[in-house]
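Each ligand, and each atom within it, is numbered from 1 in the order the structure gives.
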Amino acid sequence: MIIDCHGHYTTAPKQHEGWRQQQIAAFDAKTAPPPRPGMTDDEIRETIVNGQLKLQKERGTDLTIFSPRAAGMGHHLGGAAESAVWSRACNDLIQRVCNLFPQNFVGVCMLPQTTGVSPANCTEELERCVKELGFIGCNLNPDPSGGYWKDPPLTDRYWYPIYEKMVELDVPGMVHVSASCNPCFHGTGAHYINGDTTAFMQFITADLFKDFPTLRFIIPHGGGAVPYHWGRYRGLAQDMKKPPLKDHLLKNVYFDTCVYHLPGIELLTRVIPLDNILFASEMLGAVRGIDPETGNNYDDTKRYIDALSIPAADKQKIFEGNIKKVFPRLGAKLAQAR
Ligand SMILES: [Zn+2]
């Protein structure tokens, strides 16, 4: 089975994000937002059949762990109340996709984060998504300010309430920023990679996983700059008198394969233990074009794993085994779908 652990609903019916704009405009004008627009099952079905599901079939993947559009989370927009309503709306829409295509999609939620507001206010929505909607994980934004990094590092006790809930529910979190509203940082080209790299360095500096030995994070986009600079991070940890990274972090931190060329995947799989690598493509997402050097889509990441000279059993770990370990609730969902 080939499981893509990182996909977003980037093709949602237009009225979904159209309403979000109205909601934020109403917040700015201090008026009430209009009611949420309706969406039929047929409208939703069409966006998936001609989008993510079509690519699953073409590329030979079976299941996508599916979450709301990352740039659309917009935790820097509106206030905590707006974030709560928007998160519910986005997560409910993911559930509708998963209910329509239970063989092909399993849900991961966004959280109603807001800069300067304790993540304790996200625990209720996480619990609702896991217990009522059947989701198996969450996306945690390390920078709800959208590129200005106004909140404490992920190792600060500020974040502990959401970690306690993640541990209680046994769900991992993907560290995933949203849009950049800082003109210095291009969203998917800089802010995303910065977010990934920054989160990993934050984890090095503290002892978060002593407090939460079973807490699990996926750092997407191949771990940002981390695998390429693995020696730097090992050396920094050593200078800080931290244990070797494999003992310090690698029981808790995983990397996905959203690296859009073969040499990058070769480096990732040479540097990072194979037990810590999870297959993902993030389609349809950041880079949608075709690589003229190969004639294939950049984000058709399965081809890169297929091309690796590693044993089939190792590929199976990346495609399936590791993902089932990091998302323990996935097994029950798959049994249910069957
Ligand atoms: Zn993503």
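- Under the salt bridge (charged side-chain N to carboxylate O under 4.0 Å, His left out) test applied with Asp170, the options Arg216, Arg329, Lys131 reduce to a single match, Arg216.
- Side chain of Asn322 to backbone of Ile277: a donor-acceptor contact under 3.5 angstrom is found.
- Side-chain contact, Gln52 with Thr11: a donor N or O sits under 3.5 Å from an acceptor N or O.
- Salt bridge annotation for Lys324-Glu320: present, with a cationic side-chain nitrogen under 4.0 angstrom from a carboxylate oxygen.
- The atom of Glu282 that is an N, O or S and sits closest to the Zn ion (ligand 1) is OE2.
- Distances from the Zn ion (ligand 1) show that Cys258 has no N/O/S atom below 2.8 Å.
- The Zn ion (ligand 1) has no N, O or S atom of His221 under 2.8 Å away, backbone or side chain.
- With the Zn ion (ligand 1) as vertex, His6 NE2 and His8 NE2 subtend 100°, rounded to 10°.
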